[in-house]
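Report on one structure; see the data block that follows.
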Amino acid sequence: MSLLEQDWSAEKTRVQEVTTKIQTKINGLEEQIGQVQSDVVDIRKHYWDDVTMDMSTPEDAAESIASIKQQAEVLSERERTHRQASAALGKMRRLVQSPYFGRIDFKEKDERASEAIYLGIAAFLDEQKEEYLVYDWRAPISGLYYDFAPGEVAFTTPNGLVAGEMLLKRQFVIRDREIRLMFDTGVTIGDELLKQVLSRSSDAQMKTIVATIQKEQNRIIRNDKAQMLIVQGVAGSGKTSAALQRVAYLLYKHRDQLSSDQMVLFSPNPLFNHYVSTVLPELGEENMQQTTYQAYLEHRLGDRFEVEDSFTQLEYVLTRGLTPQAGEGETLTASAEAERLYQARLSGIRYKSSADYLAVIQAYKLRLERAGMQFNPILFREQEVVSTARLIERFYSYDTAIRLPNRLELMQGWLLEQIEHFAERELEAAWVEDEIELLGSEDYHDAFVRLRKNERGQGATFDDFDQEKILLARMVVKEQLKPIRAAVKQLKFVDMIGLYAQLHQDRKAAAADEDWVHQIAAKPSCWSSICARTLEELAQARLPYEDATPFLYLMEAVCGFQTNGAVRHVIIDEAQDYSPFQLAYLKRLFPRCRMTALGDLNQAIYSHASAYSEMDPIAALYGPEQTEVIRLFRSYRSTREIVEFTRGIVPGGDAIEPFTRAGAKPLVIQASDRESLHSLLAAEIARLLGEGYASIAVIAKTASESRLAHEALEPQLQAPLGLVTKHSPAFESGVLVIPSYLAKGVEFDAVLIYDGSHHQYGHENDRKLFYTACTRAMHELSIFSLGEPCQWITNQSTDTYEFVVGEESEMHS
């Protein structure tokens, strides 16, 4: 729609007026912060000068305490004012350069006049006129901008439904207080603005999308009813961005009941945490807690095991359990026995991540209530304080109606009593006398003071030699037994490794337990191989990734579940990479939370069964009535040409809708040997850098292939070449080499697939990994192939890509 010159003039004038008022507000806040900061420094400097201290009488002491409290409250109030003013200043500084991005003219039903509503990332109130010059994008009325075209509209407020008519919808791009782009639109968000936003270069960190939120994304952001919100979105559909804006919306709407530290984001890897870390601060909100599932496993199990991470497991799967031979990066061979063990591992990964195995663990826990508990004996200086047999006897002496964790709590008290009895018996042991002789004069003095305090003034002195010896012996024994008491309080007398190992040992003892036999009847055919490997790993204090969640679940089922009731909302990104077992555990861990699960089944790259493979397991967590599923089919990240190519890789890809942003077709370049491959890659990188692309990713299949590519390419490039590993703390702009699975959730201006040959991606299991790697590209995609390209390329129409053999690629550059 065309805009009259007077519209431009009026809007330009308004931008200047609004930014001038915002700048005035900024100046006032800066002055206020300076004054408050000076007050805080002054109060701290003279804190005790203004406090009356007199403890001579109870009345004077009470007055002194009141004086201290009053001064502390004054300091606290000044610090709180400083924090609030600083937060407001941060919002105003972001707002002044680009005060708003949208306008709607709304006329409420039965009203004559309409009101112009301007939307920005934060609200701005003209305090003199008591009117909002800018509305927060999260305000109820702002939803009209995202959900409706001009015409009859309605929105919900805390007081009910408000109906009316939208007379105008206008979009802006404002930079440095100047309107760069403005147009009226009859649709939700105009393609012109989206095209401009999407045509920009990628960045090392994700940006907000509040100016370009689409109607389907707005459904995700403002959904406030579902206990479990499942977002199934294709690559580049903006599901993660929408989820982060959702966090900002919930913090805004429920600001009196919800804080950022009550929300947790489970990211696919630590790199991703850095990638999304600026979104909420840009919207004026504090970052929520961010972690990875692996970090939680390490926190809970790292003191017992070397816990394998998902990336190490995936490397094993992708390399078929082997590593490239020296000088032969692409040559992998496997014996029949190695292949058998590899297939057994794959089977074990799938089984141990399934809901069936969760049922096995639950049945095992019920069986342990009757028989089979394992305990570590209580040992001290190679003496058996309490034997394993006695522990088992005591455990099963309790009423069978008492839950396992409660029985262990009773045993804990009993064991501490047994340790006290043992301590009394040890007072005259020879080792005690030896320890006493090693005590220094300071030890004697400290012992005397401590023991006199413990004896509560019962006349303990060192006047009598026998009394002295008893007091010191008691102190020595108590100190030496302290680690054992601590271990008992931590339930370390429960042999959790033995309990988990018992799951993988002889089943004959369970033959009489029909329920238990029924639960393990569906075990894999190669169960004996799975068991042998599990027992071997446990003996080496290593815990494979597929065993980590089952082990943790069993530990908590036996010892008592640790839950976090403070967290009210959990967001799980790349939820297709979580198994039904893992999601069930997370629900148990956060019993009071709502959950948002984001994923794309086409990017389910792990070997275990995904909770997204079908909706039943994930929907069953909260029940169908508490679960809502939103599907996103439109891809905004990549050009139309890239999307038309990548959607042909996966089954059902026809449902993926490309956005109308044109670009070059993906380029498939076949190299005859590895030396030629590296030369062609270097030439393509030089071309892309010459065209001004800020972020270029060379995506290899595995970490080992990434290292090989980095070593070969680095000497050939003029620009710095980074290598991303699972230990990298952050993404950086420039040229990077990265394994395919670490690139998930991130986008780059241009992507170069290091080797998209049939040799590398020839298995069906590689299809989704190849799709994931290709869909990271925003503007250009080049796939290099050492030999014949994989079938995910050749099975497609040749109209969707440009094929070049060997040195012919020089013509492209």
Side-chain angles (χ1 to χ4, degrees), residues 194 198 214 216-217 230-242 268 573-577 597-607 609-615 629-668 697 699 701 740-741 743-748 750-753 756-758 760-783 785 789-803:
L194 255 180
L198 295 171
Q214 303 297 290
E216 66 273 18
Q217 294 169 333
I230 301 170
V231 180
Q232 165 63 36
V234 302
S237 58
K239 51 187 177 294
T240 301
S241 295
D573 204 2
E574 304 293 351
Q576 78 280 349
D577 292 341
L598 319 163
D600 177 12
L601 185 57
N602 288 325
Q603 297 182 66
I605 62 175
Y606 289 92
S607 295
S610 168
Y612 263 59
S613 58
E614 52 184 79
M615 285 301 169
V629 180
I630 296 177
R631 291 180 169 85
L632 305 177
F633 294 103
R634 200 175 195 198
S635 178
Y636 298 98
R637 174 186 297 138
S638 308
T639 62
R640 170 181 286 276
E641 288 75 10
I642 292 175
V643 174
E644 287 178 344
F645 171 79
T646 55
R647 69 181 182 177
I649 297 173
V650 290
D654 291 343
I656 301 173
E657 303 168 13
F659 181 65
T660 54
R661 181 168 63 89
K665 288 182 181 180
L667 185 64
V668 178
I699 301 183
K701 184 178 181 182
S740 54
Y741 48 81
K744 294 189 71 171
V746 188
E747 58 192 25
F748 303 94
V751 164
L752 287 69
I753 304 299
S757 66
H758 178 74
Q760 278 294 78
Y761 291 95
H763 294 276
E764 175 63 32
N765 292 341
D766 299 324
R767 183 203 292 257
K768 291 180 178 179
L769 191 67
F770 185 68
Y771 171 81
T772 300
C774 291
T775 54
R776 303 306 96 200
M778 291 179 64
H779 309 301
E780 293 211 31
L781 171 64
S782 299
I783 304 169
S785 176
C790 64
Q791 66 264 44
W792 320 124
I793 299 173
T794 58
N795 287 350
Q796 298 196 57
S797 167
T798 54
D799 293 338
T800 62
Y801 62 93
E802 181 182 347
F803 182 69

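Along the sequence shown, the residues carry numbers beginning at 1.
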* **Check: S241 side chain, G238 main-chain N or O, donor-acceptor pair, under 3.5 Å** => no
* Asked: Closest approach of Y761 and L769, non-hydrogen atoms and distance?
  -> CE2-CD2, 4.3 Å
* Q232 side chain to R631 backbone, donor-acceptor under 3.5 Å -> no
* Side-chain ion pair, K665 and D799, N-O less than 4.0 Å -> no
* To do: Please report the closest heavy-atom contact between I793 and V668, naming both atoms and the distance.
  => CG2-CG2, 3.9 Å
* **Shortest non-hydrogen separation from N602 to P651 and the atoms involved** => OD1-O, 4.2 Å
* Any sub-3.5 Å donor-acceptor pair from Q576's side-chain atoms to D600's backbone N or O? -> yes
* Indicate yes or no for a side-chain donor-acceptor contact from T639 to the backbone of R661 under 3.5 Å, with no hydrogens or angles considered. => no
* Distance, nearest 0.5 Å, that separates CG of L752 from OG of S782 -> 5.0 Å
* Salt-bridge present (K744, D573; N to O < 4.0 Å) -> no
* **For E216, side chain to side chain contact (heavy atoms under 4.5 Å, CB included) partners two or more places apart** => Q214, L632, Y636
* Please report the closest heavy-atom contact between I699 and A773, naming both atoms and the distance. => CD1-O, 3.5 Å
* Under 3.5 Å, side chain of R637 to main-chain N/O of R776, donor-acceptor pair present? -> no
* To do: Mark yes or no for whether S237, through its side chain, and R634, through its backbone, hold a donor-acceptor pair below 3.5 Å.
  => no
* To do: Determine the minimum heavy-atom distance between G756 and I783, stating which atoms define it.
  => CA-CG2, 4.0 Å
* Structure fact -> Closest non-hydrogen atoms of F633 and A655, given as atom of the first, atom of the second and distance, are CB-O, 3.5 Å
* S638 side chain reached by F659 side chain, heavy atoms, under 4.5 Å -> no
* Asked: Does some side-chain heavy atom of K768 sit less than 4.5 Å from a side-chain heavy atom of Q603?
  -> no
Would you list the atom pairs, donor with acceptor, under 3.5 Å between side chains in residues 643-650 and any protein atom, with sequence neighbours excluded?
from: E644; atom 1: OE2; to: R640; atom 2: NH1; distance (Å): 3.4
from: T646; atom 1: OG1; to: I642; atom 2: O; distance (Å): 3.1
from: T646; atom 1: OG1; to: V643; atom 2: O; distance (Å): 3.3
from: R647; atom 1: NH1; to: I656; atom 2: O; distance (Å): 2.8

* Are F770 and I753 side-chain neighbours, meaning at least one heavy-atom pair lies under 4.5 Å? -> yes
* Short question: side chain of R767, backbone of W792 - any donor-acceptor pair under 3.5 Å? -> no
* Asked: With respect to D766, which candidate in Q791, H758, K701, Q760 satisfies the side chain to side chain donor-acceptor pair (under 3.5 Å) definition?
  -> K701
